[in-house]
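Beneath this line is the structure, given in structure tokens, with notes to follow.
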Amino acid sequence: MAARPTRWQEAGASGNFGKRFAELIAAGKDVDGEARLADTLLPRGARVLDAGAGMGRVAAALVRREHDVVAIEPDGALVQQARETYPGLPIEERDILDLSPDDGPFDLVVCVGNVIVYLAEGTERTALAAMRDVLGENGRILVGFHLQDPPPHAHVYTAAEFEADLDAVGLRVDLRAGSYELHPANDTYGVWILSRAGG
């Protein structure tokens with residue numbers, strides 16, 4: 001049976017997304033907020049998975065900060081844009097659901113920019129478990145997405161629903177904030193730092 005299309009595929013948004021970030025980067029705008037927070041969670045030279053890397057901006061920023069980064073992105077158009085924008089960036093056309101424990105271990109998995117709310121319906125727990133399974137002994141996951149007014153076709157994923165899914169797959173909330181600058185948690189945007197429960 002064919003896999004269900006992701007909400008991202010249903011939105012058909014890759015062209016607009018890539019164009020918007022290319023324009024921001026060309027204009028010299030700050031697009032490194034997620035990468036700065038990720039960097040603070042890591043020693044130099046840490047192994048990082050950017051899960052749902054888009055056009056590669058977070059992965060590239062972490063490479064510049066001297067981390068060993070693997071980026072995966074299922075949208076072929078965005079993978080191509082990442083390779084053109086950041087030559088040499090280690091990015092694979094691959095889905096989070098295709099991860100296996102053998103892909104790890106990673107010190108940090110980054111899953112930001114609304115990736116989690118664009119997954120295919122009903123695959124959230126499977127994706128979270130796949131990211132959990134590639135963590136190293138003290139590994140963590142950084143997740144961020146809109147809680148209200150998500151982009152078109154994206155899932156409205158409440159904080160309570162998300163945290164229930166985390167609990168169901170054996171992930172623990174180490175920190176919840178309202179932005180990548182760690183403003184207080186709010187109902188508009190959610191940023192979580194996660195680790196294995198009992199770890």
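Count residues from 1 along the sequence.
Using a 4.0 Å cut-off between a side-chain N of Lys or Arg and a carboxylate O of Asp or Glu, Asp174 and Arg196 do not qualify as a salt bridge. With salt bridges taken as basic N to acidic carboxylate O contacts below 4.0 Å, none links Arg57 and Asp50. Taking 4.0 Å as the cut-off between side-chain N and carboxylate O, Arg125 and Asp165 count as a salt-bridged pair.
Listed for the Glu73 side chain is a donor-acceptor partner under 3.5 Å among the backbone atoms of Asp75. With hydrogens and angles ignored, the 3.5 Å screen pairs a side-chain donor or acceptor of Arg47 with a backbone N or O of Pro105. Using modelled atom types, no side-chain atom of Thr123 and backbone atom of Thr126 make a donor-acceptor pair closer than 3.5 Å. In this structure, Asp103 contributes its side chain and Ser100 its backbone to a donor-acceptor pair below 3.5 Å. Judged purely by atom type and a 3.5 angstrom limit, Thr85 uses its side chain to pair as donor or acceptor with the backbone of Gln81.
Relative orientation of the Tyr157 and Phe162 rings is perpendicular, given thresholds of 30° and 60° on the angle between their planes. Using cut-offs of 30° and 60° for the angle between ring planes, the Tyr189 and Tyr180 rings count as perpendicular.
Looking at Glu124 and His155, their side chains come closer than 4.5 Å, going by heavy atoms from C-beta outward. Put simply, the side chain of Val109 reaches to within 4.5 Å of the side chain of Leu135, judged on heavy atoms. For the pair Val134 and Leu49, the minimum side-chain heavy-atom distance is below 4.5 Å. Leu37 is listed as a side-chain neighbour of Leu142, based on a closest heavy-atom distance under 4.5 Å. Counting only heavy atoms from C-beta outward, the side chains of Glu181 and Arg36 approach each other to under 4.5 Å. Val191 has its side chain out of reach of Phe145: every pair of non-hydrogen atoms, C-beta onward, lies at least 4.5 Å apart. Residues Arg83 and Leu89 are not in side-chain contact: their nearest non-hydrogen atoms beyond the backbone lie 4.5 Å or more apart.
Nearest heavy-atom pair, Gly178 versus Asn186, reported as atom, atom and distance to 0.1 Å: CA-ND2, 3.4 Å. When every heavy atom of Arg132 is checked against every heavy atom of Gly170, the shortest pair comes out as CD-O, 4.2 Å. When every heavy atom of Ala38 is checked against every heavy atom of Val110, the shortest pair comes out as CB-CG2, 4.1 Å. Contact between Pro150 and Val156 at its shortest, heavy atoms only, is CG-CG2, 3.8 Å. The minimum heavy-atom distance between Ala71 and Ala53, with the atom names listed, is CB-CB, 3.7 Å. Smallest separation of non-hydrogen atoms from Arg64 and Tyr86: NH1-CE2, 4.5 Å.
Taken from CZ in Arg176 to CG in Leu182, the straight-line distance is 13.0 Å, to the nearest 0.5 Å. Atom CG in Asp39 sits 4.0 Å away from atom CZ in Arg44 (nearest 0.5 Å). How far CG of Leu41 is from CG of Leu108: 6.0 Å, rounded to the nearest 0.5 Å. The structure places OG of Ser195 at 8.5 Å from CD1 of Ile141, a figure rounded to the nearest 0.5 Å. Asp187 CG to His146 NE2: the interatomic distance, rounded to the nearest 0.5 Å, is 13.5 Å. With rounding to the nearest 0.5 Å, the separation of CZ in Arg172 from CD in Glu163 is 13.5 Å.
By the neighbour-count criterion of 12 heavy atoms within 6.0 Å, atom CD of Glu66 is sparsely surrounded, having that number or fewer from other residues, nucleotides or ligands.
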(request) Please test Leu194 against Arg140 for side chain to side chain contact (heavy atoms under 4.5 Å, CB included), starting from the C-alpha separation and ending with a verdict. (result) CA-CA 5 Å; Leu194 313 170; Arg140 292 183 283 187; over 6 Å; no
